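Quick one: this structure, given as structure tokens, is what I'll be asking you about.
Convention: sequence-line order gives letters A, B, ...; per-chain numbering from 1. What's counted below: heavy atoms across the whole structure, side chains too, no hydrogens, waters or symmetry copies. No experiment lies behind these values; they were computed from the predicted model shown.
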There are 2 protein chains.
Amino acid sequence: MKPKISDVAKLAGVSPTTVSRVLNNRGYISEETRENVQKAMNELNYFPNDVARSLFNKRSNLIGIILPTTSNPFFGELTFHLENISASLGYKVLLCNSLNRIDKEEKYLEMLMRNQVDGIIVGTHNRGILNYHKQNLAVVAIDRNLSETIPVVSSDNYEGGKIAIKLLIEKGCQTIIHINGQKELETPAMLRRNAYEDVMNNNGRTPITYEVPDVFDRQSQQQVISKIFDDYPNVDGVFASNDLFAASFITEAKKRGLDVPGQVKVVGYDGTETTQILLPELTTIQQPIASIAKTAIELLVKEIEGDFSEIPLETRLPVKLIEGTTT
Amino acid sequence: MKPKISDVAKLAGVSPTTVSRVLNNRGYISEETRENVQKAMNELNYFPNDVARSLFNKRSNLIGIILPTTSNPFFGELTFHLENISASLGYKVLLCNSLNRIDKEEKYLEMLMRNQVDGIIVGTHNRGILNYHKQNLAVVAIDRNLSETIPVVSSDNYEGGKIAIKLLIEKGCQTIIHINGQKELETPAMLRRNAYEDVMNNNGRTPITYEVPDVFDRQSQQQVISKIFDDYPNVDGVFASNDLFAASFITEAKKRGLDVPGQVKVVGYDGTETTQILLPELTTIQQPIASIAKTAIELLVKEIEGDFSEIPLETRLPVKLIEGTTT
DNA sequence: CTGAAAGCGCTTACAG
DNA sequence: CTGAAAGCGCTTACAG
């Protein structure tokens, strides 16, 4: 059996209270006692049971992360950073891949509550989370407007969209199409679309957006992309709301014998490490993933610690154009 | 404050014991009482505190996952599947990105123990884990031989390596080079290298392997790849132990004006969804990531539940050659 | 400087 | 069918 505090106490010839004091470095303990206790702990290979501690302290040091799927490179990298930063601040991460499915999100949410997480980072719809937030659970959203009171961290989506479209226009594209996920008003990512539409309109062009119904389904993606070529054989510019869409588009373009960037130019969004390695030629708008993660966790920790003084409701981090050879 | 079992009891006019019975569906309860309790729970929006439950049951239903980083598409996808399968079996996932750093691994391991995880999935070195395993912690390794007693799940690395090299030889490559991580005897992934060496030797060729010191550092990768071209300008075939190496090699080849597959052919390893989308032209050996995850979790759960009857020490899942246009 | 007692929110024998 | 008591492993007033 795992040793517990009373085993250590017995071996060290002190009370459990004293062992706890040594463990937590609290109150006065004589140097001698401390050493005895330490020795006993080593001998028994003891470490404290955090479940018991959490129960007493009403603090789990657990953070829940709900996002669509770590299979996606953007979320995979985001998760890495979120977890690593959490760890550096003494928090542990409970991971939930919801695939954007509402039923899963609800189950995960309840699971996180039951496990007494101190806070949640949300990267999915999750309107249900509102209820919990009201019960003063700390929440920070990434790229989602969940409510008036939940802070959102995101890249500067509007600016990113603007840069992308302006580049395509500058490069002389005539028929510029936008590929995005389904219109959901609550996502700042929609700002990429808004930027596209604004810049197009301002330049006397008609915005044309194609929506991929299930963002994480490859088939769904490919069908939409095929349709674009069928509907607009003369498409010569594409701004995709993520790099995977962009890549799929390029693949299809090549399949149809079109030269990129000769006949059609493409700009993506995200600019993950993985894209940089697998598809370095892609021109894309790079999100500052590490900063997004850092900001989100820092805000969450502030909320957890009850410091609401400096919590901006919106944090927009700067994007960066990475010019490859697809434009 | 969050309602607790005694609040529900009070409201329903019963004892906490009875509420607990309703909660756990244990023992006899009159239909009427059950309904009263349910109503009270709904009214208070009560759900049980799993921390308290874990403490009593000595069962956390928590699984720890230690791997290098979810930023890497192979591990990102693996993590998704591991988590999803765990969730479907009622287990929750505590995520740890160790970046293969021993100090981090040790800290994570201790953290997981303190949190009373029921089992751990390991995808890193982590020799330290042995000690814990002995203290009968359930452990399953993915692509790592950690000890004689820890089950390993992996793709059929040797077979995959063989297929890759045979393909390159068939296609007429003369100077075939292998890129891998640093030689670590404990990884079944080394079997990819062994296969390479065996097939090369059997065909009267001299195997040449280049090692990337820090697998997750892009610079490190690129330097090694540059060196390959400098040392062997006539290289016309490469088997990379993962798709990212393969992609970096292709990028460098193109930069040097070489045609792929005309002048140099490339085969990767992993075949993640992400690679399929971002670099569909890559010929690669695809690992059955979902099956690996499923097998690993199922074995772990068996261990956790004390059913050691059918736990094979080694599970090698079949790979699949995906032929793109880089060969 | 140290310890006995009570309690964190649950569950499970045990008794009725 | 239901409840009072004890205990999971810890911590923190409180007393000494």
- Interatomic distance where CZ belongs to Arg59(A) and P belongs to dG9(C) [whole Å]: 16 Å
- Between CG of Asn25(B) and C1' of dT11(C) the distance, given in whole Å, is 15 Å
- Remember a base hit wins even if backbone is also touched, and classify Ser54(A) as base, sugar-phosphate or nothing at under 4.0 Å, heavy atoms. nothing
- Item | Euclidean distance, atom CD1 of residue Ile5(A) to atom P of dT12(D) [Å, nearest integer] | 11 Å
- Select base, sugar-phosphate, or nothing to describe what Arg21(B) touches, counting heavy atoms under 4.0 Å on all strands. base
- Message: What is the separation between atom CG on Asn36(B) and atom P on dC1(D), rounded to the nearest whole Å?
- Response: 15 Å
- Query: Should the pair Arg114(B)-Glu110(B) be classified as a salt bridge under the 4.0 Å nitrogen-to-oxygen rule?
  - Reply: yes
- Pairs satisfying side chain to side chain donor-acceptor pair (under 3.5 Å), at least one member in residues 47-56 of chain B, at least two apart: Asn24(B)-Arg53(B)
- Message: List the residues meeting salt bridge (charged side-chain N to carboxylate O under 4.0 Å, His left out) with Arg101(A), not counting sequence neighbours, and say none if there are none.
- Response: none
- Using both pair distances under 3.5 Å as the test, note the stems of at least 3 consecutive Watson-Crick or G-U pairs that include DNA chain D. C:1-3 with D:14-16, C:5-12 with D:5-12, C:14-16 with D:1-3
- Heavy atoms under 4.0 Å, any strand shown: does Asn24(B) hit a base, just sugar-phosphate, or nothing? sugar-phosphate
- Message: Just by distance, no angles: are the side chains of Ser60(A) and Gln116(A) close enough, under 3.5 Å, to form a donor-acceptor pair?
- Response: no
- Message: Which residues pass the side chain to side chain contact (heavy atoms under 4.5 Å, CB included) test with Phe56(B), not counting sequence neighbours?
- Response: none
Enumerate the protein-to-nucleotides 6-8 of chain D contacts in which both atoms are nitrogen or oxygen and the separation is below 3.5 Å.
{"residue": "dC8(D)", "atom": "O3'", "partner": "Lys58(B)", "partner atom": "NZ", "Å": "3.4"}

- Does OP1 or OP2 of dT11(C) have a side-chain N or O of Arg53(B) closer than 4.0 Å? yes
- Query: Under a 4.5 Å cut-off applied to non-hydrogen side-chain atoms, are Leu137(A) and Val117(A) in contact?
  - Reply: yes
- Task: Give the rounded distance in Å between these two atoms: CG of Asn49(A) and C1' of dT11(D).
- Result: 13 Å
- Query: With sequence neighbours left out, which residue pairs that include part of residues 62-81 of chain B fulfil the side chain to side chain donor-acceptor pair (under 3.5 Å) condition?
  - Reply: Thr69(B)-Ser71(B), Glu77(B)-Thr274(B)
- Atom OH of Tyr46(B) and atom C1' of dC10(C) are separated, to the nearest Å, by 7 Å
- Item | OP1 or OP2 of dC1(C) under 4.0 Å from side-chain N/O of Thr33(A) | no
- Query: What is the nucleic acid contact for Ser20(B), judged by heavy atoms within less than 4.0 Å: base, sugar-phosphate only, or nothing?
  - Reply: base
- Message: Per the salt bridge (Lys or Arg N to Asp or Glu O under 4.0 Å) rule, what does the pair list look like for residues 28-39 of chain A, sequence neighbours excluded?
- Response: Glu31(A)-Arg34(A)
- Would you mind classifying the nucleic acid contact of Ser6(A) as base, sugar-phosphate or nothing, using non-hydrogen atoms under 4.0 angstrom? nothing
- For Arg316(A), enumerate each residue passing the salt bridge (charged side-chain N to carboxylate O under 4.0 Å, His left out) test, keeping only those at least two apart in sequence or located in another chain. Glu314(A)
- Can you sort out which residues in residues 9-17 of chain B have a heavy atom within less than 4.0 Å of DNA chain D? Ascending by number, please. Val14(B), Ser15(B), Thr17(B)
- Could you list all the salt bridge (Lys or Arg N to Asp or Glu O under 4.0 Å) pairs where at least one residue sits in residues 3-21 of chain A, not counting sequence neighbours? none
- Taking only residues two or more places apart in sequence, or in another chain, which ones meet Glu305(A) in a salt bridge (charged side-chain N to carboxylate O under 4.0 Å, His left out)? none
- Partners of Arg59(A) by salt bridge (charged side-chain N to carboxylate O under 4.0 Å, His left out), sequence neighbours excluded? Asp118(A)
